[in-house]
Amino acid sequence: MLRRTLLLSPLSLAAQQAKELRITGLKTELKINPPREPNYDAIHKLGVDAGSVTLRLETNAGITGYATSTFGMVKGGPKVVQTILEEELRPLLLGEDPAFPKRIRAKLWRELEYHGVGGVVHFAISAADIAIWDILGKHAGMPVWKMLGAYRDRMPCYSMCGWYYDNDSDLSKYKRSIEQALSHGYKAIKMKTGRYSMADDERRIKIALDLCPRVMIDANQVFNRNEALRRGRLYQQMGAFWYEEPLPPHDMEGYTELARELDIRIATGENLYTKYAFADLIARKGADVVQPDNRRAGGVTEWLEIAALADAAGLELASHGGGSANMNMLLTMPNAIYMETGGPQKNMVNGEILAPQAPGMSTETA
Ligand SMILES: [Mg+2]
């Protein structure tokens with residue numbers, strides 16, 4: 001082998017180097033969605049200023065990697081992520097070999113940490129990592145879930161359909177949206193709680209459970225510790241499957257107390273950034289279901305490390321949000337229990353979504 005390398009002529013060495021993958025271009029596209037009728041969780045109004053940024057990383061091999069960061073409610077957010085990608089990440093990524101995602105992650109963290117060790121900076125870093133894995137999968141001719149080593153080829157999913165709506169005091173819109181999800185083939189649904197009184201929560205949960213036996217509950221950080229426990233006891237007694245984000249994400253000690261007090265699964269993680277935050281949450285025994293968000297947590301590379309930490313601690317794993325990026329990662333993890341989705345899904349059989357078969361992350365059309 002050594003002999004062969006030594007015998008390579010300068011010309012063939014150059015040819016070999018030319019064959020190495022390199023990132024040669026970065027393009028972004030900003031999309032602001034037209035406003036639609038809003039829906040609400042406990043603290044957010046969604047649907048009126050949503051948008052997304054799509055990142056395209058080009059290579060010398062003619063392969064392009066894609067990643068899209070969607071934003072449910074921040075008009076300025078996508079523009080900031082686009083600026084970080086265009087002005088900060090472009091010079092750092094051009095010329096890099098995408099076969100080194102961990103080295104690239106270290107470089108991006110080092111160069112960008114003054115702008116944020118979390119927040120929108122990490123949306124940009126995550127997008128770069130997802131696009132890089134899309135390149136690697138396409139280059140290898142394999143879907144990334146197979147490249148990484150798969151555990152399953154289909155993923156149970158649930159529909160986030162139980163929202164709050166304007167002019168819905170009789171809860172007919174709420175009920176209809178759950179019925180619609182079940183008619184699309186879902187076997188599990190998620191509903192929002194905590195916007196109004198505990199009696200209102202109880203009314204909504206009863207409607208949901210009468211329609212579907214598997215109901216997840218999401219409080220979107222609205223409670224303090226005392227109220228989180230009081231409402232959690234009700235959700236538990238009514239038979240909900242998990243209790244998501246009862247507290248602000250920073251209140252790790254509060255999560256520990258709640259997970260100790262309640263038997264219902266505590267689910268959280270969509271607002272945490274990097275494996276360090278998850279390591280803290282897991283060490284404090286603050287969650288039963290760990291929910292990293294692929295746009296925030298750090299892309300495929302970081303997400304899988306978080307998933308492995310959860311697995312080693314005997315915890316269940318679920319995605320925040322759906323789409324092919326989440327599918328490619330969830331399919332590799334033995335502790336993954338659910339992918340979050342919304343509306344009707346192609347390739348759903350018996351409440352499970354079948355694995356994407358295209359090489360890469362299938363993020364080109366996501
Ligand atoms: Mg949530």
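One-based numbering, in listed order, for ligands and for the atoms of each.
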N/O/S atom of Glu340 inside 2.8 Å of the Mg ion (ligand 1), strictly under
no

Using a distance-only test with no angle check, is there a side-chain donor-acceptor pair under 3.5 angstrom linking Tyr164 and Lys192?
no

With no hydrogens and no angle check, just 3.5 Å: does a side-chain donor-acceptor pair link Tyr338 and Arg214?
yes

Is there an N/O/S atom in Asp218 at a distance below 2.8 Å from the Mg ion (ligand 1)?
yes

Check whether Phe223 forms a cation-pi arrangement with Arg231 (NZ or CZ under 6.0 Å from the six-membered ring centre, at most 45° off the ring normal).
no

Name whichever N, O or S atom of Glu244 ends up nearest to the Mg ion (ligand 1).
OE2

Report yes if the side chains of Gln291 and Glu340 come closer than 4.5 Å at any heavy-atom pair, otherwise no.
no

So, 2.8 Å as the limit: is an N/O/S atom of Asp41 located closer than that to the Mg ion (ligand 1)?
no

Report the name of the N/O/S atom of Glu270 located nearest to the Mg ion (ligand 1).
OE1

Is the shortest side-chain N to carboxylate O distance from Asp201 to Arg204 below 4.0 Å?
no

